[in-house]
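This report refers to the structure that appears directly beneath it.
The basis for the numbers below is simple: all heavy atoms, side chains too, and nothing from hydrogens, waters or symmetry mates.
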Amino acid sequence: MNFAYDGYYAWMIAATSFVLLMTAPGLALFYGGMSRSKSVLNMMMMSFVSLGVVGVVYVLWGWSMSYSDGFSGDGKLFANPFDQFGLVDTDPLNYIFVAFQLTFAVITAALISGAIADRVKFSSWVVFLPLWVTLSYFPLAHMVFGGGFLSGAKDGLAEMIYSAGDAAEVAPLDYAGGTVVHINAGVAGLVLCLLIGKRLGFGKEPMKPHNLTLTMIGAGLLWFGWFGFNVGSIVFTADSLADPEAFMTQFTTETGLVWINTTVATCAAMLTWLIVEKIRDGHATSLGAASGVVAGLVAITPACGALSPVGSIGLGAVAGALCALAVGLKYKFGFDDSLDVVGVHLVGGIVGTIGIGFLSTTTGLFYGENAKQLVVQIAIALFAIIWSGVVTLVLGLLIKYTLGWRIADEDELEGIDFVEHGESAYDLSGGGGARRSILTEGVSA
Amino acid sequence: MNFAYDGYYAWMIAATSFVLLMTAPGLALFYGGMSRSKSVLNMMMMSFVSLGVVGVVYVLWGWSMSYSDGFSGDGKLFANPFDQFGLVDTDPLNYIFVAFQLTFAVITAALISGAIADRVKFSSWVVFLPLWVTLSYFPLAHMVFGGGFLSGAKDGLAEMIYSAGDAAEVAPLDYAGGTVVHINAGVAGLVLCLLIGKRLGFGKEPMKPHNLTLTMIGAGLLWFGWFGFNVGSIVFTADSLADPEAFMTQFTTETGLVWINTTVATCAAMLTWLIVEKIRDGHATSLGAASGVVAGLVAITPACGALSPVGSIGLGAVAGALCALAVGLKYKFGFDDSLDVVGVHLVGGIVGTIGIGFLSTTTGLFYGENAKQLVVQIAIALFAIIWSGVVTLVLGLLIKYTLGWRIADEDELEGIDFVEHGESAYDLSGGGGARRSILTEGVSA
Amino acid sequence: MNFAYDGYYAWMIAATSFVLLMTAPGLALFYGGMSRSKSVLNMMMMSFVSLGVVGVVYVLWGWSMSYSDGFSGDGKLFANPFDQFGLVDTDPLNYIFVAFQLTFAVITAALISGAIADRVKFSSWVVFLPLWVTLSYFPLAHMVFGGGFLSGAKDGLAEMIYSAGDAAEVAPLDYAGGTVVHINAGVAGLVLCLLIGKRLGFGKEPMKPHNLTLTMIGAGLLWFGWFGFNVGSIVFTADSLADPEAFMTQFTTETGLVWINTTVATCAAMLTWLIVEKIRDGHATSLGAASGVVAGLVAITPACGALSPVGSIGLGAVAGALCALAVGLKYKFGFDDSLDVVGVHLVGGIVGTIGIGFLSTTTGLFYGENAKQLVVQIAIALFAIIWSGVVTLVLGLLIKYTLGWRIADEDELEGIDFVEHGESAYDLSGGGGARRSILTEGVSA
Amino acid sequence: MKLVTAVIKPHKWEDVREALETFGVTGMTVSEVSGYGRQKGHTEVYRGAEYDIALVPKIRIEIVVEDDDAEDVVGIIVKTAQTGRIGDGKVWISPVESVVRVRTGDRDAAAL
Amino acid sequence: MKLVTAVIKPHKWEDVREALETFGVTGMTVSEVSGYGRQKGHTEVYRGAEYDIALVPKIRIEIVVEDDDAEDVVGIIVKTAQTGRIGDGKVWISPVESVVRVRTGDRDAAAL
Amino acid sequence: MKLVTAVIKPHKWEDVREALETFGVTGMTVSEVSGYGRQKGHTEVYRGAEYDIALVPKIRIEIVVEDDDAEDVVGIIVKTAQTGRIGDGKVWISPVESVVRVRTGDRDAAAL
Ligand SMILES: Nc1ncnc2c1ncn2[C@@H]1O[C@H](COP(=O)(O)OP(=O)(O)O)[C@@H](O)[C@H]1O
Ligand SMILES: Nc1ncnc2c1ncn2[C@@H]1O[C@H](COP(=O)(O)OP(=O)(O)O)[C@@H](O)[C@H]1O
Ligand SMILES: Nc1ncnc2c1ncn2[C@@H]1O[C@H](COP(=O)(O)OP(=O)(O)O)[C@@H](O)[C@H]1O
């Protein structure tokens, strides 16, 4: 056994925990703060229940469907969901990877909820979750990470485009999930928000974030958790697996590079988002800073292992500016992507995935000799968009005409927190600043 | 020296930090959000000061009293508190374990505070803390984790019940503290809330959580920290300590299993809690999700190393449902366990501790051949209940008739934050949504 | 290659992430909660943008200027900023240290913002950041950590005071940044708040924290992150680097000691701060607990590797009490150090830096034979005060007479969040406790 | 002069404001209040226990108008805020002796 | 018709509501206000510095009643809200010319 | 007795309180309200889209005074709260038939 493994395993335990933190409470806060005070709990619940449902499903058939064929490079669309059902036949040495991948599935599903805030039956969301991860997430994870159709596999997409030899050379690059996670969730968000329709009053009332301090906490926790996400996504080369010294070298240098790239791309994206706002609206907002952070993190996700630190600053800067412009589109085109899943995750995911084609220090257009990597990157981005789009549309329609997606109009006005969950987030009277009265307290039955 | 150790030590530094995060701010938020806006600061302070007081006490005599006899398997009730007083004679190789165990003592004490929210003199709580950890926590930690009376030790409880040979076979199982932490704190909470009495207006006014977003953040941070708690509680076998290869294998597989079990049990408990609420009350609440998360984490704590992932889903599901039903009991029986310490920690701790007797993949009734493990588990649960109950009762009465526990009635109505701490948590005027006026601001003296 | 490294690298990835969490959202929350509700977003933005700007600058020339000469012990004031510009020529094995040091520069700059809350042009702050880290932070980091003038280097300050032999013996001790981080930021805060002047109404209105729950979350996250800060600051001896066994021993024992010292000093500081408040004001406040936590963390920062656990309790206790008394001085002397950067970071940093001279278990006055260490510690503290003071004064004046520091008076009264960022933090109507009305919602244009 | 005070359902506020604006009312003062009346609040279930919430959120509007406009304004409010369901609110008219515009010191009709 | 406006201590609100309900008052409108008067707020110590807080939280109740009930309602409020300590509040009666129930358009006595 | 109701700009509240105190007003009741009028709120840009905010935060002061003091009190408020810019607010006087001090049951002039 390779003794150099044990530090890596130690890091993977931490990294996996970091990624779980991204969903609960990270994303729950980021989204919760952006929603209105009458729907913050529903928004947070959508993240929490994604964790509840997808966590269980992942152990039952998610892992099996994604990776049970042992990263064989088969070029398939998904693996057998029953092969390692319930992890009964899973090699215990893989447990930590099951755990790590579980957290990815969870957050991808949770990300979608931001596009359909404030108006969706909680039960319909709960039903959508296992269906969507089964048909969209697990297959894409298999295709990209599991040696499937979008990896460097034989019979894979890259090989279809180029000859076999070339394909190996320009295997699709997606370090931690630009396609699988962000494009996937972003497209699903777009399809659902078109299908489900706008919130009442969208475009007329501002529907501003009700508590930006929550959004800032969320952005901070997402950033922290993202180190688990990106730095934990290291995959060792055959050389490294054979030779402890090579293993150590790859581990220490690649993790350091990925950490730095993740950070500086995010810093740059925050700054360019603020600059765009300052120029366009006259104010650099905290919502912009928080959104810029996420845009940078999204864009660097697929690219964090392939770029130099300076390249990462460039990628982040582009992503921050483009996403800042993109979030305004929903008002232009009139689709209610409530919390900017499309503008940030879809656009940021595309910027990152395709940006690799330019900025990869080995095969990028700016460094290498040709545009092959770029073409492959565009191809996998398109494939992911289509796959996720079709799956989400089918599932979305299915639910629309069975359970229905939307709560009643008067309930939406009254506030989904009270109507769906019987709660309201805040009861700040009976204390608070002026230690105010008891007006909102109840009278015993 | 075993070189495979160093990844494990790296993880232990992180894990120990994770567990500290559980108390401050994790538990402080979980409890703070559930209390009323006029008492949130007092609630958070009870957690913070638990850390302050127990942290110091632990280094002075806590470690010594728990573990200074070197896990000798002596079957005793506690070790000598003066042997390694102030860590002066503690082997530096043990420092990280001192730290890890310190964080356990801290959170156990802090957990109790939820049962007596809003009404207790801060000074009485500060006095209670060192007494209670000294007489209840340190002994139980020694008995269960330190090779004492509730471990597989010679002359221990298991040996009393069965013959020596069998006892080794069915040594009590408590991976990370079902008895030491949760039953212990749960019983103490029950005893204190009975002794101290109800909040004014209990059962008449709803006394709902004043800020559920805080409770959700708290639940998320507790979950994250709990990976330190459970996954950090690995104990290496003699084989592993002797052989680096065995060490590596145990480290990589057991930590992975514990991580997964911790997560899926929690997911399942969240879901069943929500289902119970939906059926009983018509609404699945965010408070229910947060409580279900904690119930699942509590139940899997003692069991996380002994169960399969599917078994963990089962245990979590049962714990979520039972705890959801149990928290209603306080209204039935009229005891004011304000933030459900009994319903979640005592009930969840018992479910987990006894659940092992059924679900342990080696010795559980559903897997093994007999009920021996089950009997032993019931025995240690009962012992912990009685020990903690008696100690807490004696200390509680002592304080009741000396310092007194309760603040004055009018102070409780006015709000404990202002009366005990001279503060109020929120001053949202002078800004806020409508950038409102300056009404609550002061006028200079 | 030394295989024992890999656990250490694993910990460094986590530790580096921990320290980033300290700034965003840790410090942002700690400060944000203490500011008024009309300026919380600006306060949080000052932390976030510190991360954005300093993060990019660090990769461009910060690392190069601090450490590009390889810790050569040259006794210089700073290294060549262009040598490893953009990390192009940086050894990949050092990436994780680049990352770790980046996070230190970020938080040091962000700390300053607390002294000048609620009244500063956002753009001026953005301009100040890169200038200040370049002229104050990077040089001090080089001098203290990089083998420069304030290290045990040849031609360094210690050698100036004593003969060469002695200097090596009593090299200045600053484990994780008492001088570089806390004294540096504290002095800068003092200079800026004097230069920029008081908030309107300072000393007349209370200007109390608008949301103490945020401050408590912030304090908790800072504590957690500080384990990365302190425990990650281990530097291996030549012996350890040569011998894996020695490496393992140093790693396991020193990290454990530093973790414990960090915790118990903080516990003690929290308690003494509360005691001072209780005696002086009649109430132990949650703001006091949070401040005490930070005071303890600050004081133990330089000392955490040199003290015993009991010595750390003592240092923390002194720091908590002194800082609690010091924060009142601003009212006495009439300078508006709004969020107590001076009282906590400057005073705490001095207590810790000089406290080592008394409490170091090897060279401290209470343990060793002479006061040499004490003299050296005082000397480096003074040097850091002067360096930071002069640099900050020059930069502060430069900005004052070009861009200007302050927003207009009416804007300050209206609230900097709205004026500078076009936002307000909270919009709790349209939901909330009583599910209140829609009064603060807009009417479409 | 008269003071028209109206207590209405929150979600009707926008409509009432528009109707009044159309009629020619140029100013009013609005506040968030809690109403107690036939409309009984709601029952909340919390941890399985039931509670009655007695108070209902309402919007209070105050408008100072010239004597002749008072009835018209009341009529507009009643028409616009009516849903026909319990809890629609009340409107009352009370006498005002004099009103001043702070900015100018203008009095009465000129102050509106 | 009369309008009875009462400013009372917050913790007396429940008692006053019950007493009025018993008397037969079926509706009222309640709001949170700040009072300035003989009762002087409190002194707060913050970071060792002292501040006077001038305003005190109060509850304001508005009840439109028939002319004959006005004095009784005032009497009930005064009796129930009285603690005898400074700051108990004020109650005043002012004339109302007309009141309408929004739901039905009912007027005056029928509107209550 | 008269009731003087003033709606003013929030940042003028402290000045008005002091001026009234100097004049001899010993008590008043204050609340946070939103004003709608000539002063048009503001435009907010959010994610690049523009919105008009119609309401403006104001402070409402209610003071019960003896008949003779009413005009003086109005005068003081108008003088102190005036900035000359749109949105300074309104003050109006309405009749009060009787006022009681809850603490003592004192009536009218004695109750102030
Ligand atoms: N006598 C009253 N005086 C003042 N306000 C009242 C009075 N009666 C009712 N209200 C207000 O009118 C609102 C609606 O009254 P309610 O009795 O619930 O329904 P409705 O007016 O449709 O019969 C109440 O919530 C309260 O704010
Ligand atoms: N002249 C007034 N006009 C309106 N409200 C008043 C007046 N005087 C007092 N109040 C209200 O009555 C409350 C109690 O008055 P205060 O002078 O403190 O005590 P008391 O009425 O017991 O003498 C005040 O907080 C204020 O809200
Ligand atoms: N007819 C009215 N009745 C009640 N309050 C009014 C009326 N007109 C204006 N107000 C109040 O007075 C405030 C100032 O009025 P506005 O028209 O903006 O400016 P100005 O009084 O300077 O002409 C408004 O915000 C509103 O609160």
Looking at C/I313, C/V310, C/T213, which one has more heavy-atom pairs under 4.5 Å with chain B than the rest?
C/T213

Measuring heavy-atom distances to chain B, does C/L287 have an atom under 4.5 Å in its side chain, in its backbone, in both, or in neither?
both

Got a donor-acceptor contact below 3.5 angstrom from the C/Q250 side chain to the C/S240 backbone?
no

Quick one: does C/W11's side chain get under 4.5 Å of B/Y9's, heavy atoms only?
no

Sidechain-backbone polar pair: C/E277 side chain, C/T285 backbone, donor-acceptor under 3.5 Å:
yes

Side chain / backbone / both / neither for B/V88 at chain C, heavy atoms under 4.5 Å
neither

Among C/G256, C/S312, C/G292, C/P209, which residue forms the greatest number of heavy-atom pairs with chain B at distances under 4.5 Å?
C/G256

Is it the side chain or the backbone of B/A14 that comes within 4.5 Å of chain C heavy atoms, both, or neither?
both

Run C/T262 and C/W223 through side chain to side chain donor-acceptor pair (under 3.5 Å) and show every step you take.
CA-CA 9 Å; C/T262 299; C/W223 195 335; over 6 Å; no

Under 4.5 Å from any heavy atom of chain B, what part of C/M216 do you find: side chain, backbone, both or neither?
both

As an exercise: rank C/A284, C/A268, C/A269 by heavy-atom pairs under 4.5 Å with chain B and give me the winner.
C/A284

Please look at C/I217 and chain B and tell me whether the side chain, the backbone, both or neither of the residue comes under 4.5 angstrom of a heavy atom of that chain.
both

Just one of B/T134, B/D83, B/V133 clears the side chain to side chain contact (heavy atoms under 4.5 Å, CB included) bar with B/W61, so which one?
B/T134

C/Y331 ring center within less than 6.0 Å of C/F202 ring center:
yes

Given that the side chain runs from C-beta out, which part of C/L274 has a heavy atom under 4.5 Å from chain B: side chain, backbone, both or neither?
side chain

Aromatic rings C/F247 and C/F236: how do their planes relate, parallel, tilted or perpendicular, breaks at 30° and 60°?
parallel

For C/L257, is it the side chain, the backbone, both, or neither that has a heavy atom closer than 4.5 Å to a heavy atom of chain B?
both

Is there a side-chain contact between B/E423 and C/S286, using heavy atoms and a 4.5 Å cut-off?
yes

Looking at C/L413, C/V264, C/T266, C/I260, which has the largest count of heavy-atom pairs under 4.5 Å with chain B?
C/I260

Using atom types as modelled and distance alone, determine if a side-chain donor or acceptor of B/S50 lies under 3.5 Å from a backbone N or O of B/I107.
no

Between B/V126 and chain C, with a heavy-atom cut-off of 4.5 Å, which part of the residue counts as in contact: side chain, backbone, both or neither?
neither

With only heavy atoms counted, which part of C/T263 is less than 4.5 Å from chain B, the side chain, the backbone, both or neither?
side chain

Counting only heavy atoms closer than 4.5 Å, note whether B/F18 contacts chain C via side chain, backbone, both or neither.
both

Under 4.5 Å from a heavy atom of chain C, the part of B/I13 involved
both

Do the ring planes of B/F227 and B/W259 sit parallel (below 30°), tilted (30 to 60°) or perpendicular (above 60°)?
parallel

Test salt bridge (charged side-chain N to carboxylate O under 4.0 Å, His left out) applied to C/K38 and C/D417, step by step:
CA-CA 6 Å; C/K38 65 183 177 186; C/D417 281 1; over 6 Å; no

Go through C/M12, C/M207, C/M270 and name the one with the most non-hydrogen pairs under 4.5 angstrom from chain B.
C/M270

Examine whether an atom of B/L51 lies under 4.5 Å from a heavy atom of chain C, and if so say whether it belongs to the side chain, the backbone or both; otherwise answer neither.
both

Under a 4.5 Å heavy-atom cut-off, does chain C meet the side chain of B/T103, its backbone, both or neither?
side chain

